[in-house]
Amino acid sequence: MMQLIPNLQKAVATAVQQLFGVETEWQKVQINQTPAEFTGDYSVVVFPFVKLAKKAPDQVAQEIGAYLQEQVPEVMAFNVIKGFLNLEISEQYWLQFLQAVLNDPQYGRQTPNGRKVMVEFSSPNTNKPLHLGHIRNILLGWSCSQLLEAVGYDVVKVQIINDRGVAICKSMVSWLKWGAGKTPESEQIKSDHFVGDYYVLFERNSKAEYETWQSTAEAQEFLASKRKPSQNEKDFFKDYKNAWFNTHSQLGAEVREMLLKWEAHDPDTIALWKQMNGYVYAGFDQTYADLGVHFDKLYYESDTYLLGKDIVEDGLKQNVFFRKEDGSVWVDLTDAGFDQKVVLRADGTSVYITQDLGTARMRFHDFGCEKMVYVVADEQNYHFSVLFEILKRLQEPYAAGLYHLSYGLVELPTGRMKTREGTVVDADDLISEVRRLALEGLSERGDTTEAAQLETAHKVGMAALKYFIIKVHPHKKMIFNPEESVDLQGQTGPYIQYSYVRINSLMQRVQREQIDTACATDYTGLNAAEKELLVAVQDYPDVIRQAADNYDPSLVANYCYNLAKNFHRFWHDVSIFNAETPEARAFRLELSRAIGLVLKSGMRLLGIEMPERM
RNA sequence: GGCUCCGUAGCUUAAUGGAUAGAGCAUCUGACUACGGAUCAGAAGGUUAGAGGUUCGAGUCCUCUCGGAGUCACCA
């Protein structure tokens, strides 16, 4: 594949060297697409050379332009406006470029580089079904994995499943007390929702127990003695809830007992735990399948929660950690702008970060990845800063390749989602809703069989949902408007799919009418719309590289939209089948085909599939 | 209070330090006996939160201020 842009950059650097006698790094030469209102395809920014050349910007641009026109065969003409050097690329180049794209099934992707990266995403708790927040996480993790793969990495996709602890014990206690004997089958309910319902039931009953307790003499005594002057009764009991659950609650006692039995490997408890988690996993599998994602390796917290002790020993030996009189182990990160942090309790048990230290090391031993990406919401920014800093100080071999892909929380127009207020948007509900709406919108020109219609509706609905979420830069918190997320018009996934469907429809006609497109290379008279599309196609590999470098799929999402938009306009303004000449027709068909390939490839990086008709 | 992230049109958002800040939604007006109208074109909508600074050039980089969010547990 020809490398036009790097060639131009190098040629400019050589020109500057020869004309003005100054060395410049060719990678730093800036070449942009020429805005539509000027003639030209690419523009060289010459301002950085003005000082070096000691000449006026226009003069510098003129000289470099003349040099390029002379030395670079692809540069057909140039013009200079207000210090910008606009280059026109030869038609011949563009025609060859188009053929090269069509002959490269991997266009835009880089060859494998033999380097391994791990991406962790999703990582749910097992006490309730997946929700909208997980969806953003999963889409980011998945498309990031695809992007890294596209730039050559060998990617290992993992999640750590938080399958132990208080949360799942609540569901277990709840089911034993109020649901024993019932199963997802008997209740005709998706199995992860079955477990989630018992969790919700537990919380409801626990709340009732707390409210009853609040009116007892004992509770009123606590209120009187522990309330801060600034608190009213309601605020006090809100803040006191956790403490109450751990000290006075009957249900709380049952949960703690369950947790202790689990830790003691009590057979009945383990069996129940496995049963409940099994329900949840079956449900998750369905949701993951609907979302079109999968993992290469699952880690379970029940296997990893005790890890990290050896790393603590190492840290003590290396004097990265220190022990206090009570026996607890700490790390002092104050010189890096963080605080002191416990890594091992006085009783020798792990804390959260200890697990993560141990898990990181275990993963490195498992796969030897030089990079590890954690897709976790930005609530945990501080945690990951600290985690990475510690691993760096321990001189773990993978420490330089750690990255926290932090993303903003998903909020509703009404504010943050809250379990207690029942405003959490369930993943499965959302998926079936977008499918339903997409099914309603299918045209009579689309599929004829019901199975095909359902499949297309799935693709279109998921495209709407996924695109709505992935187009926003990860760092930004996002407002999820359910109505807009199922929109099929405007800057949406279905809009991009529709451009692909149009192209597909052209290709089918080419097939049907046995049109020979070989004469595309004889086309002359490229118009502005065609060139704009070619420039965009040429930009694709760079977009992937940038998106991967920045762990930012939204760049690809916006690129695909722009390309689709340009194509829709092209379709509207220019006759493809009824083109002026057979060469023009062949060329436009080939150009359309290339755009279809790029769109399909780009959307695939976002986890979005293209329908053949819709 | 310390640290981190965010602030662009009524709403949702885009813009490797480059030319007149670009879209979509909503509003209004147009375009199919034409390759698929889930489309296209046009109108209207902006002091890029504010003030300084660096630069030939700043939405973008630096400083301060204001507003919002998160975090600062021997929870996970």
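Residue numbers begin at 1 in each chain, while the letters A, B, ... track the order of the sequences.
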N/O to N/O distances under 3.5 Å, protein versus nucleotides 38-44 of chain B:
residue, atom, partner, partner atom, Å
B/A38, OP1, A/Y498, OH, 3.2
B/A38, N6, A/G441, O, 3.4
B/U39, OP1, A/G490, N, 3.4
B/U39, O2', A/R502, NH1, 3.0
B/C40, OP1, A/Y495, OH, 2.4
B/C40, O2', A/H572, ND1, 3.0
B/A41, OP1, A/R569, NH1, 3.2

Would you say B/C74 has OP1 or OP2 under 4.0 Å from some side-chain N or O of A/R345? no
Contacts of type ring pair (Phe, Tyr, Trp, His ring centres under 6.0 Å), residue A/F38, not counting sequence neighbours: none
List in chain and number order the residues that pass salt bridge (Lys or Arg N to Asp or Glu O under 4.0 Å) with A/E88, two or more places apart in sequence or in another chain; answer none if no residue qualifies. none
With a 4.0 Å cut-off on heavy atoms, is A/T349 in touch with a base, just the backbone sugar-phosphate, or nothing at all? nothing
What interatomic distance, in whole Å, is found between C1' of B/U20 and the corresponding atom of B/A31? 28 Å
Restricting to salt bridge (Lys or Arg N to Asp or Glu O under 4.0 Å), what partner residues turn up for A/E120, sequence neighbours left out? A/R363
Between atom CD1 in A/I470 and atom P in B/A14, what is the gap in whole Å? 12 Å
What's A/I479 touching, base or sugar-phosphate or nothing? Going by heavy atoms closer than 4.0 Å. sugar-phosphate
Give one of base, sugar-phosphate or nothing for A/D326, where a contact means two heavy atoms less than 4.0 Å apart. base
I'd like to know if A/R416 pairs up with A/E379 as an ion pair, taking the criterion as any Lys NZ or Arg NE/NH1/NH2 lying under 4.0 Å from an Asp or Glu carboxylate oxygen. yes
Could you measure between the two P atoms, the one in B/G1 and the one in B/A43, and give it in whole Å? 48 Å
Which whole-number value in Å describes the distance from A/M507 CE to B/G36 P? 11 Å
With the criterion being N/O to N/O and under 3.5 Å, what pairs connect the protein with nucleotides 67-71 of chain B, and how long is each?
residue, atom, partner, partner atom, Å
B/G70, OP1, A/R416, NH1, 2.9

In whole angstrom, give me the gap between the P atoms of B/A49 and B/G59. 10 Å
Quick one: label A/V386 by what it contacts on the DNA or RNA (base, sugar-phosphate, nothing), any heavy atom closer than 4.0 Å. nothing
Measuring only the P atom in each nucleotide, how far is B/U4 from B/U63? A whole number of Å is fine. 10 Å
Can we say A/E301 and A/R164 salt-bridge, meaning some charged N sits less than 4.0 Å from an Asp/Glu carboxylate O? yes
Residues forming a ring pair (Phe, Tyr, Trp, His ring centres under 6.0 Å) with A/Y523, sequence neighbours excluded: A/F587
Could you tell me how far B/C56 sits from B/C72 if I compare only their C1' atoms? Round to whole Å. 44 Å
Nearest-angstrom distance from the residue atom CD of A/E301 to P of B/C75: 14 Å
If you restrict it to nitrogen or oxygen atoms, what contacts under 3.5 Å exist between nucleotides 15-19 of chain B and the protein, and what is each distance?
residue, atom, partner, partner atom, Å
B/U16, O4, A/Q30, OE1, 3.3
B/U16, O4, A/N32, OD1, 2.8
B/G18, N7, A/Q30, OE1, 3.4
B/A19, N6, A/S43, OG, 2.7
B/A19, N6, A/N86, OD1, 3.0
B/A19, N1, A/N86, OD1, 3.4

Do the rings of A/Y403 and A/Y551 sit parallel, tilted or perpendicular, given the 30° and 60° boundaries? parallel
Between B/U12 and B/U54, how far is it from one P atom to the other, in whole Å? 35 Å
What's the CZ-C1' distance between A/F49 and B/G57, to the nearest Å? 15 Å
Check the orientation of A/Y352 and A/H383. Use parallel for under 30°, tilted for 30 to 60°, and perpendicular for over 60°. parallel
Map A/N125 and A/G337 onto RNA chain B by nearest heavy atom, then report which one ends up closer to the 5' terminus. A/G337
Whole Å only: how far is the CG atom of A/D487 from the C1' atom of B/C11? 13 Å
Rounded to whole Å, how long is the line connecting atom CG of A/N242 with atom P of B/A76? 13 Å
Do A/Y498 and A/F567 have ring centres separated by under 6.0 Å? no
Reading RNA chain B 5' to 3', what string of ( ), [ ], | and . shows its pairs, if Watson-Crick and G-U wobble pairs count only when both distances fall under 3.5 Å? (((((((..((((....[...)))).(((((.......))))).....(((((..]....))))))))))))....
Between A/K459 and A/E455, does any side-chain N to carboxylate O distance fall below 4.0 Å? yes
With A/R136 via salt bridge (Lys or Arg N to Asp or Glu O under 4.0 Å) - residues at least two apart: none
Nearest-nucleotide comparison on RNA chain B, the residue closer to the 5′ end among A/A346 and A/G446: A/G446
B/A58 and B/A19, which share atom name P, separated by this distance in whole Å: 11 Å
With sequence neighbours left out, what residues match A/I576 under side chain to side chain contact (heavy atoms under 4.5 Å, CB included)? A/L506, A/F570, A/W571, A/R588, A/L589, A/S592
Pick base, sugar-phosphate or nothing for A/V501, based on heavy-atom distances below 4.0 Å to the nucleic acid. base
Tell me which donor-acceptor pairs under 3.5 Å the side chains of residues 51-58 of chain A have, and how far apart each pair is, sequence neighbours excluded?
residue, atom, partner, partner atom, Å
A/K55, NZ, A/E63, OE1, 3.3
A/K55, NZ, A/E63, OE2, 3.1
A/D58, OD1, A/G83, N, 2.8

Roughly how many Å is it from CD in A/Q491 to P in B/A23, rounded to a whole number? 11 Å
Apply salt bridge (Lys or Arg N to Asp or Glu O under 4.0 Å) to A/E590 and list each qualifying residue two or more places apart in sequence or on a separate chain. A/R593
A/K341 charged N/C atom sitting above A/W330 aromatic ring, 6.0 Å / 45°: no
Output the rounded distance in Å from CZ (A/F468) to P (B/A23). 20 Å
How about A/R323 and A/L316: do any of their side-chain heavy atoms sit closer than 4.5 Å? yes
Integer angstrom distance from the C1' of B/G45 to that of B/U8: 13 Å
